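Below is one structure, written out as structure tokens; the observations come after it.
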Amino acid sequence: MLSMANFGKSIVSCLSSLESTHLQALKLATRGLRYNYFKRHCPKLKNGIVTSPVRRFQTAPLLHNDKITINIVDRNRKTHTVQANVDDTILDVVIDNQLDFESYGVCEGTVACSTCHVIFNQEVYDTLEEPLMDEMDMLDLACGLTETSRLGCQVHITKEMEGMTVKLPEEITDARDL
Amino acid sequence: MLTNVLKQITTKCSVSKLYCVASFGFSTLGNTQPHVCIVGSGPAGFGVAQTLLKNHEQVQVDMFEKIPVPFGLIRYGVSPDHQDVKNAINGYSQTATSERFSFFGNVDIGQDVSLPELLSAYHAVVLCYGAQEEATFNISGKNLKNVFSSKQFVGWYNGNPEFQNLDVNLSGKSAAIIGVGNVALDCARMLLKPTEQLQETDITSSALKTLQKSNIKSVYLVGRRGPMQMACTRKELSEVAGLECVNTFVEENCFSKSVETALKSKDLARRKQRRLVAYLQKVSKQVKDDTSEDTKKLYLKLLRSPVALESKNDDLIANVKLIKREMQGEDAFNPTFTDTNVVENLPCDIVVSCIGYQNAVISDDIPFVDGKIMNKNGKVDDRKDLFTCGWCSHGAKGVLADSSNDSLVTGASVLSNLDQLASDKNCNGSNDIVPKILQRGLQITSWKDWKTIDSFEIKRGQKLGKVREKVVSCDEMLQIANEGKSNEANTSEK
């Protein structure tokens, strides 16, 4: 038992000492795994009752020490105030906090859809790095596109985002009407 | 003991406090469990299923699909080299594990079961069956050999059982594709992409062999309108134009003064189009390297109207006759187009028409106008128990995100009517309808049968170094499903 705990500790210290770029790569590589793991275990439906999702393994607290608080406003204008790990993407934050928005992140963060679309306020938007071509292509097709829209799977949390609010788009009318 | 029970109740209450507004906190007050039927198992169908199951504690969702296997266009429309889009099936498969979800494959609504029969067995029916018919292509010569619709051609390489016997001849040098939408670009890309890049995908092995022997070096995309009316996206165009072995050609005169002005606009709603045309302009100006034998060519022939398909001998396609068109007006987003009397011949060896799809009429009870089902927020006009979602309601446009968003709207409409519908009528869903289907001698595939076929395809693919090797005949699908059932029966007997 003790040796398992020590093994665990050495993994944690090893991971903590990784540079943030390597951490990013690790997170990216395991995102699909973590997303699928979450989806497989949530929600359990028994006798027509939704029970809590059970997550027995979480990479997030092992890899990150820095957390901030952000607000995510869902499609029904309800605000969820959640903890977010610095360097995680918005999609990671939604998954790790088990927010379970419907049809959010359908392609599992592979920039093949635009369902993880979020809207920033101008101040925060202006501090973000320019979106890459792939993201621009998918954003073009997003419903309710605005000047401060980004894909949630492509924007990483920074310390400076403490207390920020991001919104899921309200409009369901689609790009085909444009 | 009591505290445990209380804890459980409060936990369940807090968890069943749904993420939507309070008006979605549904549970049936009466005794009847609501039964909802979804026709179609693509993104729209599964999107609606997810919304219903998540927001109603008792609803039973039954999904009917025409062919034995699910997922609709994700399986048969999305191209083999777009596996990332197919990730969506992971979420749908998770939905299918719900105890309140059942899948009934190999049941053709309209043919095997009528819509009125469904409506009497279910409290609500949601039509999500897509747009299965081709837009009519009225052109002489459309029945010549080696002339295909996109439904046929895409179905052929994607393993759709209906199109496996297509005689696709790629021994010629040029292909003409009518249309400039994403489907047209998919077809162009399949013809131009080095086949090594397709080897590990779920393209059928027989289509891959045909492509490996292909002599096609030039692909022409024919569009009737101007650059700002191209229906494809920048991403799709770049996937072909960006291939190392492909040079892209566009006529300079396409980029008229009005187009240049339009490119400078700041309107967010036009951003998609501006980015597309700016990219097209960029690639057309690139210096062409055609020294290599492997170089292939992509030509965009805009402002051309196809008027006849002609052959030289043996009824084999040899030429597309085109009429040149002119674009007028200052606004390149809303110009007028006029035909000139200048004829142009486009010699080619294969034609694929990618001019769009439209709805099939599966029942006279559905109000169709201009190929769209009349509905408000997904609820079919003049009907209280019939709903619709996705391509079959809006017409055949839109990508995965559009169907997903649509399903939220339709799902909300169903939910807001469901409890009333459940208390108005007693019916038992699949318990009412399945015996009727079985009496007609039909075999239904369950979700478990799909998982058997799925495992079979993946195993077979693994042996060939592919993601999967699709089963391309419905009979074989049913046979594999039956073998799976009897293996399981034998194992449990032991």
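Letters A, B, ... are given to chains in the order of the sequence lines, protein chains preceding strands, and every chain is numbered from 1. Quick caveat, the model's predicted, so the values are computed rather than measured.
- For the atom pair A/M136 CE and B/R234 CZ, the distance stands at 9.5 Å (nearest 0.5 Å).
- The contact between B/S404 and chain A is made by backbone and side chain atoms together, counting heavy-atom distances below 4.5 Å.
- Here the shortest heavy-atom pairing between A/L145 and B/L268 reads O-CD2, 3.4 Å.
- Minimum interatomic distance between B/K54 and A/D100 (heavy atoms only, all atoms of both residues): NZ-O, 2.9 Å.
- Using a 4.5 Å cut-off between heavy atoms, A/M133 touches chain B through backbone and side chain atoms alike.
- The residue from B/R271, B/R270, B/K272, B/K235 that alone fulfils the salt bridge (Lys or Arg N to Asp or Glu O under 4.0 Å) condition with A/D140 is B/R271.
- Here the CE atom belonging to A/M138 is positioned 10.0 Å from the CG atom belonging to B/L400, to the nearest 0.5 angstrom.
- Atom SG in A/C143 sits 4.0 Å away from atom CG in B/N405 (nearest 0.5 Å).
- Nearest heavy atom pair, residue A/C107 against residue B/D84, reads CB-O, 4.1 Å.
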